[in-house]
Amino acid sequence: MTASVPAPGPVAATAPGPTPAPVLRIGNASGFYGDRFDAVREMLTGGPLDVLTGDYLAELTMLILGRSRLKDPEKGYATTFLRQLEEGLGLAHERGVKIVANAGGLNPAGLADAVRKLAAKVGVPVTVAHVEGDSLPVPDGFLTANAYLGGAGIAACLRAGADIVVTGRVTDAALVTGPAAAHFGWGPDDLDALAGAVVAGHVLECGTQATGGNYAFFGNHDVRRPGFPLAEIHADGSSVITKHAGTGGVVDIGTVTAQLLYETGGARYAGPDVTARLDTVRLTPDGPDRVRVDGVRGEAPPPTLKAGLTRLGGWRNEVVFVLTGLDVEAKSLLVQDQFSDALERSGGRPPAEVRWELVRTDRPDADTEERASALLRLTVRDQDAEAVGRAVSGAAVELALGSYPGFHVTAPPGKGAPYGVFEAIHVPAEEVEHIAVLPDGSRAIVEPAVRTQELDDVDTPPLPVPYPSSAPTRRAPLGLVAGARSGDKGGDANVGVWVRSDGAWRWLAHELTVERLKELLPETRDLTVVRHVLPHLRALNFTVHGLLGEGVASQARFDPQAKAVGEWLRSRWLPIPVALLDGADPVPEVTA
């Protein structure tokens, strides 16, 4: 039987039930496929919890699961999740904790069946539901095509009594908006509440990045083993971000700000349930390891859904030559000339893309051989596996005894490997069949949002009064006064930068323009860069279009996910007001 339910409210009208608890505690135990295995047990045993979520899907993960499904049509889901549930099912059942995860990947129905079999095997009486419909017709030449669904299907499953809900491709925040909507009875017009839950979900989605992991100011805290985060969500959508007592890491304004900026763009953060206005988010301390998130405004979602397509983009190979001691530049030119000549003499055509990059890791008068060495990286790409395989590895190997002194490579050249490409498109929401498969097997169709709003950029907010131009300055790294976090969205990079005082914000807002960013990061000089201003967070968010080529799976650059672009920016020197540097650790300026 198939029913129809609105999005993202209740499954159907029911008789009044007990008043929901005023606070819903939602924790996270996975930020990616491969995250800390013990996190499920740690979160279930570490303190009170109502819902435990797990995010297992990223753009690259969908490609990996697609290739897995080619080998075995019964797979296509995150098998690690099942192994975590071998112990987690019993713990969750004992404590009354619901589990919601997108580990279903390309086969949520298959994972739901596997969870039921596991529950029977370990003797834990749980009810399982799943969400499907994200899978789209796969265009020729592509491996996967999936729309990003919202949280309404999850809400329907939970309202129907599910203990475990697994999904395919949903937005990361949907793992939180779904349970919150189910618990508090929110409907599609509760935009502010939904937007608040989206913000909480975005903070939780990357696990320990909200509790001190990958944090710019990590030196101020013990982050050897940060605990996973949880959100205490209230009926109005406001929340408190925290973690279980006694776990490592830290939750403060800075860690939450960093995660809010991660992989976002402008003030409007769009999703299937609601568009959250990031320029309305307010963060305030709420005690040790507690940050209150409130003030979030919501707008109607756009009429389209984002969809991700993956395909095999071609073949790639890499050889890294080690250049030690003197004459590094001359050695680099010699091996490049020799390699090109060897390829030409082989009689085959050269790869479509040949890229050399000399990385000067060497130091003069070094006390170890490794510190005396530089790396010369050769990367080749082509649609033909043969063009990057034997011809390339053979040309590199045959130089071993007839090239620069000290010739060696970091690893034996291989035959090359396929690389993937992720593409994002948008499809009309009404063309995607969002289905909640309830614990009794019935299927509820989740209707798309009736109220929608096209996405437009917001007007640039007024900047603060500039920092006094007469203030004395000193050249120093930006990171002494500013934090940053960066990441990827397809082929684009996002770089969020924030400061911790109003004075620093007066300086940063006027100093770090697009032009200044391009000056500090020369790799961005010829690319389109868009700056977004978020005054409440004392933050700037930059989108660098095209920095990552065809996305992480294509490995187009040294840092294919732009994870460290923010730290590169923080390491760059520029004149900073001396007053802002007071109390900062002195760092000697490096001179050429």
| Donor-acceptor under 3.5 Å (Tyr33 side chain, Thr79 main chain) |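 Looks like yes, one N/O pair under 3.5 Å.
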| query | Sub-3.5 Å donor-acceptor pair from the side chain of Asp382 to the main-chain atoms of Ala352, do we have one? | reply | yes
| query | Does the cation-pi check pass for Arg570 over Phe217, that is, NZ or CZ under 6.0 Å from the six-membered ring centre and within 45° of its axis? | reply | yes
| message | Using every non-hydrogen atom in the two residues, find where Tyr56 and Ala101 come nearest and quote the distance to one decimal. | response |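 Closest pair (atom of Tyr56, atom of Ala101, distance): CE1-CB, 4.1 Å.
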| Hey, are the side chains of Pro418 and Arg67 touching, using non-hydrogen atoms and a 4.5 Å cut-off? |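 Of all side-chain heavy-atom pairs linking Arg67 with Pro418, at least one is under 4.5 Å.
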| query | If you draw a 6.0 Å radius around CD in Glu386, do more than 12 non-hydrogen atoms from other residues or ligands fall strictly inside? | reply | no
| query | Ring centroid separation for Phe407 and Tyr404, is it under 6.0 angstrom? | reply | yes
What pairs of donor and acceptor atoms, side-chain ones from residues 388-398 against any protein atom, are under 3.5 angstrom apart with sequence neighbours left out?
residue: Ser393; atom: OG; partner: Gly389; partner atom: O; Å: 3.2
residue: Ser393; atom: OG; partner: Arg390; partner atom: O; Å: 3.3

| said: For Asp38, I'd like to know if atom CG has over 12 heavy atoms of other residues, nucleotides or ligands within 6.0 Å. | reply: yes
| query | Any donor-acceptor pair under 3.5 Å linking the side chain of Thr543 with the backbone of Gly265? | reply | no
| message | How close do Asn541 and Val495 get, counting heavy atoms only, and between which atoms? | response | OD1-O, 3.4 Å
| query | Does the Glu132 side chain pair with the main chain of Gly168, one donor and one acceptor, at a distance under 3.5 Å? | reply | no
| query | Taking C-beta and beyond as the side chain, do Lys306 and His426 meet within less than 4.5 Å on heavy atoms? | reply | yes
| query | Given Leu512 and Leu520, is the side-chain contact (heavy atoms from CB on, under 4.5 Å) satisfied, shown in steps? | reply | CA-CA 10 Å; Leu512 196 56; Leu520 295 172; 4.0 Å; yes
| Should Leu323 and Asp362 be marked as a side-chain contact (heavy atoms from CB on, under 4.5 Å) after you check the CA-CA gap, both sets of side-chain angles, and the distance that decides it? | CA-CA 9 Å; Leu323 314 175; Asp362 55 307; over 6 Å; no
| message | Within the structure provided, determine whether Thr211 and Thr255 are in side-chain contact (heavy-atom separation under 4.5 Å). | response |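 No, their side chains stay 4.5 Å or more apart.
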| query | Under the 3.5 angstrom rule, does the side chain of Asp327 hit a backbone N or O of Lys331 as a donor-acceptor pair? | reply | no
| If you take all heavy atoms of Gln209 and Gln259, which pair is closest and at what distance? | NE2-OE1, 2.8 Å
| Is a side-chain N or O of Thr361 found less than 3.5 angstrom from the main chain of Ser373, in a donor-acceptor match? |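 Present.
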| field | Test item: Arg268 side-chain N/O and Asp456 main-chain N/O as donor-acceptor pair under 3.5 Å | value | yes
| field | Main-chain N/O of Gly546 paired to Asp492 side chain as donor or acceptor, under 3.5 Å | value | yes
| task | Kindly compute the distance separating CG (Leu375) from OG1 (Thr324), expressed to the nearest 0.5 Å. | result | 9.0 Å
| task | Check step by step if side-chain contact (heavy atoms from CB on, under 4.5 Å) holds for Leu143 and Leu70. | result | CA-CA 9 Å; Leu143 191 60; Leu70 287 177; 3.4 Å; yes
| said: Please determine whether a side-chain nitrogen of the Lys or Arg among Arg169 and Asp172 lies less than 4.0 Å from a carboxylate oxygen of the Asp or Glu. | reply: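 Yes, this pair counts.
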| Residue Glu344 excluded, over 12 heavy atoms near CD under 6.0 Å | no
| request: Determine the minimum heavy-atom distance between Ala200 and Ala231, stating which atoms define it. | output: CB-CB, 4.3 Å
| Is any NZ, NE, NH1 or NH2 atom of the basic residue among Arg224 and Asp222 found under 4.0 Å from an Asp or Glu carboxylate oxygen of the other? |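 Salt bridge flag = yes for Asp222 with Arg224.
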| field | Pairwise distance CZ(Arg349) to CG(Leu343) - rounded to 0.5 angstrom | value |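 Result: 11.5 Å between the selected atoms.
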| field | Exam field: side chain Arg500 to backbone Gly254, donor-acceptor pair closer than 3.5 Å | value | no
| query | Is the shortest distance from a Lys or Arg side-chain nitrogen in Glu318 or Arg316 to a carboxylate oxygen in the other one below 4.0 Å? | reply |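 Salt bridge between Glu318 and Arg316, a charged N being under 4.0 Å from a carboxylate O: yes.
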| Separation between CZ of Arg225 and CZ of Arg36, rounded to the nearest 0.5 Å |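 It comes to 4.0 Å.
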| message | Quick test of your reading of the model: are Glu329 and Arg360 salt-bridged, counting only N-O distances below 4.0 Å? | response |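 Looking at Arg360 together with Glu329, the answer is yes, because their closest N to O distance falls below 4.0 Å.
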| request: Verify the neighbour count for atom CZ of Phe32: are there more than 12 heavy atoms of other residues, nucleotides or ligands below 6.0 Å? | output: yes
| task | Using a 4.5 Å cut-off on heavy atoms from C-beta on, say whether the side chain of Thr53 contacts that of Asp55. | result | no
| Between CD on residue Glu263 and CD on residue Glu59, distance to nearest 0.5 Å |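 Those atoms lie 7.5 Å apart.
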| Within 45° of the ring axis of Phe558 and under 6.0 Å from its six-membered ring centre, is that where the NZ or CZ of Arg377 lies? | no
| query | Is the shortest distance from a Lys or Arg side-chain nitrogen in Arg572 or Glu519 to a carboxylate oxygen in the other one below 4.0 Å? | reply |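 No, Arg572 and Glu519 are not salt-bridged.
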| query | Hey, are the side chains of Phe422 and Thr310 touching, using non-hydrogen atoms and a 4.5 Å cut-off? | reply |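 The answer is yes, as the side chains (C-beta and beyond) meet within the 4.5 Å cut-off.
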| query | Between Gly207 and Asn28, what is the shortest heavy-atom contact and its length? | reply |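 Distance-wise, the nearest heavy atoms are CA-OD1, 3.3 Å.
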| Would Gln336 and Ser332 count as having a side-chain donor-acceptor pair, cut-off 3.5 Å? |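 Yes, Ser332 and Gln336 have a side-chain donor paired with an acceptor closer than 3.5 Å.
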| task | Determine the minimum heavy-atom distance between Trp498 and Ala216, stating which atoms define it. | result | CH2-CB, 4.3 Å
| message | Under a 3.5 Å distance rule, please check whether Asn107 uses its side chain to pair with a backbone N or O of Gly76 as donor and acceptor. | response |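 Pair absent, no side-chain N/O of Asn107 close to backbone of Gly76.
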| query | Can Val409 and Val320 be said to form a side-chain contact (heavy atoms from CB on, under 4.5 Å), step by step? | reply | CA-CA 6 Å; Val409 294; Val320 180; 6.0 Å; no
| message | Quick one, Pro229 and Val203 - any side-chain contact, counting heavy atoms below 4.5 Å? | response | no
| field | Side chain to side chain, Arg485 and Leu261, heavy atoms closer than 4.5 Å | value |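 The answer is no; the side chains never approach within 4.5 Å.
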| request: With sequence neighbours left out, write down each residue that passes side-chain contact (heavy atoms from CB on, under 4.5 Å) with Thr513, or none if nothing qualifies. | output: Glu515, Arg516
| field | Among Asn102, Val40, Asp35, the one residue meeting side-chain contact (heavy atoms from CB on, under 4.5 Å) with Ser30 | value |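 Of Asn102, Val40, Asp35, side-chain contact (heavy atoms from CB on, under 4.5 Å) with Ser30 is met by Asp35 alone.
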| Cys206 SG to Phe228 CZ distance, which is reported to the nearest 0.5 Å | 10.5 Å
| query | In Å and rounded to the nearest 0.5 Å, what is the CG to OG1 distance from Asn214 to Thr208? | reply |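 One gets 7.0 Å once the value is rounded to the nearest 0.5 Å.
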| Validation row: Val544, Val565 side chains within 4.5 angstrom (heavy atoms) | no
| said: Around atom CG of Asp384, are there more than 12 heavy atoms from other residues, nucleotides or ligands closer than 6.0 Å? | reply: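 Check passes, neighbour count above 12.
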